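What you see is a predicted model; the values in this text were computed from it and never measured. The chain is numbered in sequence order, starting from 1.
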Amino acid sequence: MKKIHPAVKSMASIAFYLVLIIGMWTVIARLVFPDKGETDQWLAYIQAHEPLLVQVAQNAMDEGTWTGIRETEEVRSVFAEGGIEQVENGDGSVYFIMRTENAGETLRYVYLPNGDYAPPDWVLNGDWVEQSVSGDTTRRWIGGTAGKGSVSARRLTERFYIEDLYNPE
């Protein structure tokens with residue numbers, strides 16, 4: 001049997017430990033700095049609170065259902081966690097409007113009992129153009145003031161979307 005040269009053994013050991021160190025730092029970096037984008041946070045929020053948000057949405061559609069649900073501590077806490085400032089009843093949908101820092105922007109969760117998304121009427125009846133987006137869960141329109149506005153909606157669950165409306169004045 002042929003002996004392995006000590007230099008080859010040494011190089012193999014160094015390579016093994018280098019790969020081990022890189023692997024350990026990768027794991028540590030993922031634990032310390034998780035890669036969680038906003039869309040993942042939106043999805044996690046809806047998944048965690050969907051039953052309660054459905055009840056609030058049904059209440060917004062029919063005020064007689066679960067009277068006073070929005071004043072409960074649990075709902076206020078869930079709204080605070082999600083940054084929800086207002087709930088509005090639309091035509092067959094409910095909007096959970098979140099606070100935003102940008103003028104002209106509206107960010108909201110949209111509850112659709114049937115799950116079929118359609119953009120706001122002012123988009124459908126205006127000079128907005130649907131734009132193709134990679135993936136089958138997001139739809140986007142461009143138009144509005146000087147063609148600089150945008151509307152995008154991403155399906156989070158069967159009945160919830162996240163909708164970002166931007167139309168600069």
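- Hydrophobic clustering places Val56 together with Leu107 (ILVMFWY residues linked when any side-chain heavy atoms are closer than 4.5 Å, directly or through intermediates).
- Hydrophobic clustering places Leu43 together with Phe96 (ILVMFWY residues linked when any side-chain heavy atoms are closer than 4.5 Å, directly or through intermediates).
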Might you work through the side chain to side chain donor-acceptor pair (under 3.5 Å) test for Thr157 and Gln47, ending with a clear yes or no?
-> CA-CA 8 Å; Thr157 65; Gln47 287 175 334; over 6 Å; no
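- Between the side chain of Ser10 and the backbone N or O of Pro6, no donor-acceptor pair lies under 3.5 Å.
- When side chains are defined from C-beta on, Glu85 does not count as touching Ile97, because their heavy atoms never get closer than 4.5 Å.
- When Tyr111, Tyr117, Tyr95, Tyr109 are each tested for a ring pair (Phe, Tyr, Trp, His ring centres under 6.0 Å) with Phe160, only one passes: Tyr111.
- Hydrophobic cluster membership is shared by Val75 and Met61, with clusters built from Ile, Leu, Val, Met, Phe, Trp and Tyr side chains linked at under 4.5 angstrom.
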side-chain contact (heavy atoms from CB on, under 4.5 Å) between Met11 and Lys9, intermediate numbers included | CA-CA 6 Å; Met11 294 290 275; Lys9 278 185 178 179; over 6 Å; no
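- Linking Ile, Leu, Val, Met, Phe, Trp and Tyr residues whenever their side-chain heavy atoms come within less than 4.5 Å places Val151 and Tyr161 in a single cluster.
- Atom CG of residue Asn114 and atom OG of residue Ser93 lie 9.0 Å apart, to the nearest 0.5 angstrom.
- Of all non-hydrogen atoms in Ala60 and Asn89, the two that sit nearest each other are O-ND2, 3.4 Å.
- Using a 4.5 Å cut-off on side-chain heavy atoms (C-beta onward), Gln55 and Leu52 make contact.
- Tyr17 OH to Met24 CE: the interatomic distance, rounded to the nearest 0.5 Å, is 11.5 Å.
- Following chains of ILVMFWY side-chain contacts shorter than 4.5 Å, one cannot reach Tyr166 starting from Trp128, and the two form parts of different hydrophobic clusters.
- The shortest side-chain heavy-atom distance between Trp42 and Leu156 falls under the 4.5 Å cut-off.
- For Ser77 (side chain) and Glu73 (main-chain N/O), no donor-acceptor pair under 3.5 Å exists by modelled atom type.
- Put simply, the side chain of Tyr45 does not reach to within 4.5 Å of the side chain of Ile162, judged on heavy atoms.
- Two residues are said to be in side-chain contact when any heavy atoms from C-beta on lie closer than 4.5 Å; Arg159 and Leu112 fail this criterion.
- The two residues Pro113 and Gly92 have their closest heavy-atom pair at CD-O, 3.3 Å.
- Using a 4.5 Å heavy-atom threshold, the side chains of Val94 and Val87 count as touching.
- You'll find the side chain of Asp164 stays beyond 4.5 Å of the side chain of Ser150, heavy atoms only.
- Of the possible polar contacts, one joining the Thr72 side chain to the Ile69 backbone as a donor-acceptor pair under 3.5 Å is found.
- Under 4.0 Å is where a charged nitrogen must lie from a carboxylate oxygen, and between Glu130 and Arg139 at least one such pair does.
- Glu163 CD to Arg108 CZ: the interatomic distance, rounded to the nearest 0.5 Å, is 4.0 Å.
- More than 12 heavy-atom neighbours from other residues, nucleotides or ligands sit within 6.0 angstrom of CG on Leu20.
- Listed here is the closest heavy atom pair of Arg76 and Arg70: CG-O, 3.9 Å.
- Within the 3.5 Å criterion, the main-chain N or O of Glu158 finds a donor-acceptor partner in the side chain of Arg155.
- Between Leu53 and Ile46, the closest side-chain pair of non-hydrogen atoms falls below 4.5 Å.
- In terms of heavy atoms, Gly83 sits closest to Arg99 at CA-NH1, 2.8 Å.
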